[in-house]
K.L.:
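There's a structure below that I have some questions on.
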Amino acid sequence: DTAVSQTPKYLVTQMGNDKSIKCEQNLGHDTMYWYKQDSKKFLKIMFSYNNKELIINETVPNRFSPKSPDKAHLNLHINSLELGDSAVYFCASSQAGVNEQFFGPGTRLTVL
Amino acid sequence: KQEVTQIPAALSVPEGENLVLNCSFTDSAIYNLQWFRQDPGKGLTSLLLIQSSQREQTSGRLNASLDKSSGRSTLYIAASQPGDSATYLCAVKSQGGSEKLVFGKGTKLTVNP
């Protein structure tokens, strides 16, 4: 049973395109996150939502727009993709008060 | 601004050896600290979570300690096995309401048979 799932696992696209990555968690958690892991393997927070409300928005270009239709889903839409957006994007979730974060398998985005 | 450092960046040991991975953080006002394991091309697996009020946590052959005042945590792996080969990441959640984790760059562990 997958706790945090992401689709797609791999995404290869051309510069300038718009793409979306989907994330779902079945843990009943109220907080979800997007992290970016760059080519040097460094993981950094991008966004966090609690009960569908944005609570963290790091310094991320506004080409990136997260959307949380309900507390079990957090999607990431990226407009006008650039070469530097190539990375692995991880979704995670946690329950407030417990705070242990659980990660999805990642989406490897390659922009050509 | 919280910064997390992990030393060494890479470690290679023979099977059966006990080993220690180190993590240090600059701001001691933390809420908790979490150790993860990442296998190549895979996501992160949570290993241990230590709350700020705790000194250590144990799971099987793994033991994580926390010394908040000195800004340090260690992950002790007993009787290492080739299957322990992975990158180990330390992440800190600071006090102050922010839900984000700040990660170190990881220690890549190789256990040789």
Side-chain angles (χ1 to χ4, degrees), chain A residues 2-7 9-10 21 23 25 27 29-51 53-60 66 68 71 74 87-108 110, chain B residues 1-11 23 25 29-54 57 59 62 64 66 73 86-110:
Chain A
T2 305
V4 183
S5 59
Q6 296 178 227
T7 54
K9 188 170 173 62
Y10 300 97
I21 307 171
C23 177
Q25 54 94 5
L27 297 167
H29 290 164
D30 58 7
T31 306
M32 296 184 72
Y33 312 80
W34 279 110
Y35 288 86
K36 178 180 180 180
Q37 189 172 43
D38 61 25
S39 57
K40 295 182 180 178
K41 308 297 184 187
F42 189 48
L43 260 166
K44 193 170 180 184
I45 184 78
M46 299 174 69
F47 301 103
S48 175
Y49 270 73
N50 178 264
N51 283 318
E53 184 179 335
L54 181 67
I55 57 171
I56 296 174
N57 184 351
E58 293 290 295
T59 309
V60 177
S68 181
K71 71 175 190 177
L74 180 62
V88 181
Y89 292 85
F90 287 100
C91 176
S93 72
S94 69
Q95 181 63 33
V98 177
N99 298 121
E100 185 173 8
Q101 291 193 19
F102 294 86
F103 280 70
T107 295
R108 181 174 292 277
T110 303
Chain B
K1 180 186 171 186
Q2 181 72 270
E3 291 181 3
V4 179
T5 303
Q6 291 186 247
I7 295 173
L11 180 64
C23 171
F25 45 94
I30 67 168
Y31 191 83
N32 61 40
L33 183 146
Q34 199 166 350
W35 282 94
F36 293 89
R37 166 188 175 136
Q38 184 174 25
D39 293 280
K42 305 283 187 184
L44 279 68
T45 301
S46 179
L47 298 173
L48 290 163
L49 171 71
I50 310 178
Q51 303 291 355
S52 62
S53 58
Q54 297 174 322
Q57 282 286 338
S59 176
L62 305 180
L66 174 64
S73 176
T87 296
Y88 290 81
L89 294 159
C90 166
V92 167
K93 181 178 177 220
S94 296
Q95 292 180 7
S98 173
E99 295 294 320
K100 71 178 182 182
L101 287 176
V102 177
F103 280 83
K105 294 187 177 181
T107 295
K108 184 176 181 180
L109 173 66
T110 303

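Order of the sequence lines sets the chain letters (A, B, ...), proteins ahead of strands, with each chain counted from 1.
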K.L.:
Let me know if A:Lys9 has heavy atoms under 4.5 Å from chain B in its side chain, its backbone, both or neither.
P.N.:
side chain
K.L.:
Output the distance between atom NZ (B:Lys100) and atom CZ (A:Phe47), rounded to the nearest 0.5 Å.
P.N.:
13.0 Å
K.L.:
With rounding to the nearest 0.5 Å, note down the distance linking NZ in A:Lys44 to CG in B:Leu101.
P.N.:
14.5 Å
K.L.:
Just jot down the salt bridge (charged side-chain N to carboxylate O under 4.0 Å, His left out) partners of B:Asp39, sequence neighbours excluded, or say none.
P.N.:
B:Arg37
K.L.:
Just verifying a value: how many Å separate B:Phe103 CZ and A:Lys41 NZ, rounded to the nearest 0.5 Å?
P.N.:
14.5 Å
K.L.:
Excluding sequence neighbours, so at least two apart, what forms side-chain hydrogen bond (donor to acceptor under 3.5 Å, both in side chains) with A:Gln101?
P.N.:
A:Tyr33, A:Tyr35
K.L.:
Quick one: which residues of residues 4-11 of chain B reach chain A at under 4.5 angstrom, heavy atoms only?
P.N.:
none
K.L.:
If you count heavy-atom pairs within less than 4.5 Å of chain A, which of B:Ala91, B:Gly43, B:Gly104, B:Gly106 leads?
P.N.:
B:Gly43
K.L.:
Give, for atom CZ of A:Phe90 and atom CD of B:Gln38, the distance between the pair rounded to the nearest 0.5 Å.
P.N.:
4.5 Å
K.L.:
Taking the side chain as C-beta and beyond, is there a heavy-atom pair between A:Glu100 and B:Gln34 under 4.5 Å?
P.N.:
yes
K.L.:
What pairs with A:Ser48 under side-chain hydrogen bond (donor to acceptor under 3.5 Å, both in side chains), at least two apart in sequence or on another chain?
P.N.:
none
